[in-house]
S.K.: 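Pasting a structure here, questions to come.
On a predicted model such as this, the values are computed, not experimentally measured, just so you know.
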Amino acid sequence: MEGKQSRRTFLKGITAAGAGLLVGGKLAPVFAKENKYSSTVINVRNKNAQDAAHKFNAEIIQAMVFEGVRKMSNTRTDTAAWSTYFTPKDVVGIKINCLFGPGASTHAEVVNAVIAGLKLAGVKPDNIIVWDRSDGDLAKNGYEINRDKPGVKYFGTNSDYDTAETQQGSFKGRLSKILTERITALVNVPILKDHGIAGVTLSFKNHYGSINNAGAQHGNNCNPFLADLYSVPVIRSKTRLIVCDAIRPLANGGPGLNPGFLWDYNGILVGTDPVALDHSGWQIIEDRRKEIKLPTLAEAGRPVGYLETAAKLGLGTNAPSKIRVVENFKI
């Protein structure tokens, strides 16, 4: 099982692949080097992703997710796009953020779009696990818990963490066995939100639902804890794709639901560089805060410092001049 992979093996694979990821013997463009850019983020928007009553349109959202993955993979068909990152032999975890309930959690329409894409890549439904911290968190968002029945699995870690602690820099804690033992590949599917300590919660913060002691990792605006956690080899090696739910983000008062600060951005962000994607999401939040006359996150005492730390650790780029944001607007 890939969870047993040694750090030496992982680093050797990264070195052999240059700035890419070996998937099924092919090189997938993880840190794509195009012209002057070192990382790409796809931003797909469609005003019809939801109606005036905020009812989501599953068909349109799936089309948005698929378009984002096609553009990210630089392929022409959906099957080729998803097959760039996943193979029929994979057991794929879809890590969602559902701690704070409906409206403040990854929406099911986005999750279902990712499931449909994995199936196109030949991943068997039995080998897809939608997961987060606990069964209860999934259940309050409308997911029916399924550990053993045929089809896509939905369950939480509950208390099933590694016996031994993992230490990586400032991070010390036990990782979910779903991450370390059950899956061979991961799709990180966060929701774009303000966060009362870290500033924003996206790709990095989503993994606080992958550990047993998230409460101990919040000092100094979660810096360097977030960056060190994402540096854990099993997270880096298994993460193939990031699909961020930016349909109805939260600009202030997060991470819990604060309805007065939700807005209709109607977007999906897709990437493979977590630093670049979180940087892009952060700027979306800052732009909205400026629009509604709120102070910047730094002025509010919540600087997004973890991204600079993560960039220094080689997890990606936070330099705007090095990030190519490909925008597709249907609004």
Side-chain angles (χ1 to χ4, degrees), residues 41 95-100 104-106 132-134 137 157 161 165-176 179 186 188-236 239 242 244-246 249-258 261 269 271 273-286 288-289 294-319 323:
V41 177
K95 174 62 181 70
I96 62 176
N97 183 335
C98 61
L99 175 61
F100 289 98
S105 300
T106 309
D132 198 5
R133 189 189 61 149
S134 72
D137 291 338
T157 301
Y161 295 97
E165 289 187 322
T166 293
Q167 183 154 11
Q168 184 80 24
S170 64
F171 168 72
K172 185 177 182 181
R174 293 187 291 138
L175 302 174
S176 168
L179 173 65
L186 181 76
N188 190 344
V189 189
I191 181 170
L192 177 58
K193 295 190 295 183
D194 168 272
H195 191 277
I197 297 174
V200 294
T201 170
L202 285 109
S203 311
F204 282 78
K205 193 69 171 56
N206 197 22
H207 275 296
Y208 273 20
S210 304
I211 59 178
N212 72 314
N213 59 345
Q217 320 292 331
H218 280 82
N220 193 41
N221 304 110
C222 303
N223 183 25
F225 303 102
L226 281 170
D228 286 340
L229 172 59
Y230 215 103
S231 297
V232 171
V234 73
I235 292 177
R236 294 190 69 179
T239 303
I242 306 164
C244 177
D245 177 351
L250 179 65
N252 192 51
L257 181 61
N258 197 331
F261 291 102
L269 305 180
D273 177 342
V275 183
L277 190 141
D278 278 24
H279 184 277
S280 298
W282 167 35
Q283 296 311 302
I284 291 169
I285 293 284
E286 293 283 26
R288 178 60 176 175
R289 291 177 65 86
L294 289 176
T296 67
L297 291 170
E299 290 169 346
R302 296 178 281 135
V304 186
Y306 75 86
L307 289 178
E308 183 174 355
T309 302
K312 289 178 179 178
L313 290 175
L315 296 175
T317 182
N318 70 327
I323 301 171

S.K.: Determine whether R289 and N252 satisfy the following criterion, side-chain hydrogen bond (donor to acceptor under 3.5 Å, both in side chains), listing intermediate values before the conclusion.
M.R.: CA-CA 8 Å; R289 291 177 65 86; N252 192 51; 2.9 Å; yes
S.K.: Search all heavy atoms of S203 against all heavy atoms of I242 and return the closest pair with its distance.
M.R.: OG-CG2, 3.4 Å
S.K.: Within the structure provided, determine whether P233 and Q168 are in side-chain contact (heavy-atom separation under 4.5 Å).
M.R.: yes
S.K.: Are side-chain heavy atoms of V200 and D278 found at a separation under 4.5 Å?
M.R.: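 Not in contact.
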S.K.: Could you walk me through whether K172 and T166 pass side-chain contact (heavy atoms from CB on, under 4.5 Å), step by step?
M.R.: CA-CA 6 Å; K172 185 177 182 181; T166 293; over 6 Å; no
S.K.: Could you check whether any side-chain heavy atom of I235 comes within less than 4.5 Å of a side-chain heavy atom of L179, counting everything from C-beta outward?
M.R.: yes
S.K.: Might you point out which heavy atoms bring S176 and T157 nearest each other, and give the distance in Å?
M.R.: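 So the minimum-distance heavy-atom pair works out to OG-OG1, 2.7 Å.
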S.K.: Would Y230 and L313 count as a side-chain contact (heavy atoms from CB on, under 4.5 Å) here? Give the steps.
M.R.: CA-CA 10 Å; Y230 215 103; L313 290 175; over 6 Å; no
S.K.: Roughly how far, to the nearest 0.5 Å, is the CG atom of N97 from the CG atom of D137?
M.R.: 9.0 Å
S.K.: Pick out which of Y208, F171, F225 makes a ring pair (Phe, Tyr, Trp, His ring centres under 6.0 Å) with H218.
M.R.: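 It is Y208; the other options fail the test.
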S.K.: Are the side chain of K95 and the backbone N or O of N206 linked by a donor-acceptor pair below 3.5 Å?
M.R.: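 Yes.
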S.K.: Please report the shortest heavy-atom distance between T296 and E286, naming the atom on each side.
M.R.: CA-OE1, 3.4 Å
S.K.: State which residue, out of N220, T309, D228, fulfils the side-chain hydrogen bond (donor to acceptor under 3.5 Å, both in side chains) condition with S170.
M.R.: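 Only one of N220, T309, D228 forms a side-chain hydrogen bond (donor to acceptor under 3.5 Å, both in side chains) with S170, namely D228.
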S.K.: Assess the residue pair R288 and L294 against the criterion (side-chain contact (heavy atoms from CB on, under 4.5 Å)); give the C-alpha distance rounded to whole Å, side-chain angles, the decisive distance to 0.1 Å, and a yes or no.
M.R.: CA-CA 8 Å; R288 178 60 176 175; L294 289 176; over 6 Å; no
S.K.: Is the number of heavy atoms from other residues, nucleotides or ligands within 6.0 Å of CD (E308) greater than 12?
M.R.: no
S.K.: Step by step, work out the side-chain contact (heavy atoms from CB on, under 4.5 Å) result for R302 and D194.
M.R.: CA-CA 10 Å; R302 296 178 281 135; D194 168 272; 2.4 Å; yes
S.K.: May I ask you to test the L192-L202 pair for a side-chain heavy-atom distance under 4.5 Å?
M.R.: yes
S.K.: So T106 and I191, do their side chains get closer than 4.5 Å, heavy atoms only?
M.R.: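 I191 vs T106: side chains touch.
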S.K.: Of all heavy-atom pairs between L250 and I285, which one has the smallest distance, and what is that distance?
M.R.: O-CD1, 3.2 Å
S.K.: If I take atom CZ from residue R174 and atom CG from residue N212, how far apart are they, to the nearest 0.5 angstrom?
M.R.: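 Taking CZ in R174 and CG in N212, the distance rounds to 4.5 Å.
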S.K.: Do the side chains of H279 and I323 get nearer than 4.5 Å, heavy atoms only?
M.R.: yes
S.K.: Nearest 0.5 Å, please: how far is CG in D245 from CG in L269?
M.R.: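 Result: 9.5 Å between the selected atoms.
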S.K.: Could you tell me whether the side chain of N318 and the main chain of A311 form a donor-acceptor pair under 3.5 Å?
M.R.: no
S.K.: Name the one of S105, P274, C244 that satisfies side chain to side chain contact (heavy atoms under 4.5 Å, CB included) with P190?
M.R.: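 For P190, the side chain to side chain contact (heavy atoms under 4.5 Å, CB included) check succeeds only for C244.
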S.K.: Just one of L226, N188, V304 clears the side chain to side chain contact (heavy atoms under 4.5 Å, CB included) bar with F204, so which one?
M.R.: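 Among L226, N188, V304, the one that satisfies the side chain to side chain contact (heavy atoms under 4.5 Å, CB included) with F204 is L226.
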S.K.: Locate the shortest heavy-atom distance separating S231 from L315; write the atom from each residue and the value.
M.R.: OG-CD1, 3.6 Å
S.K.: Quick check: do Y306 and C222 have side-chain heavy atoms less than 4.5 Å from each other?
M.R.: no
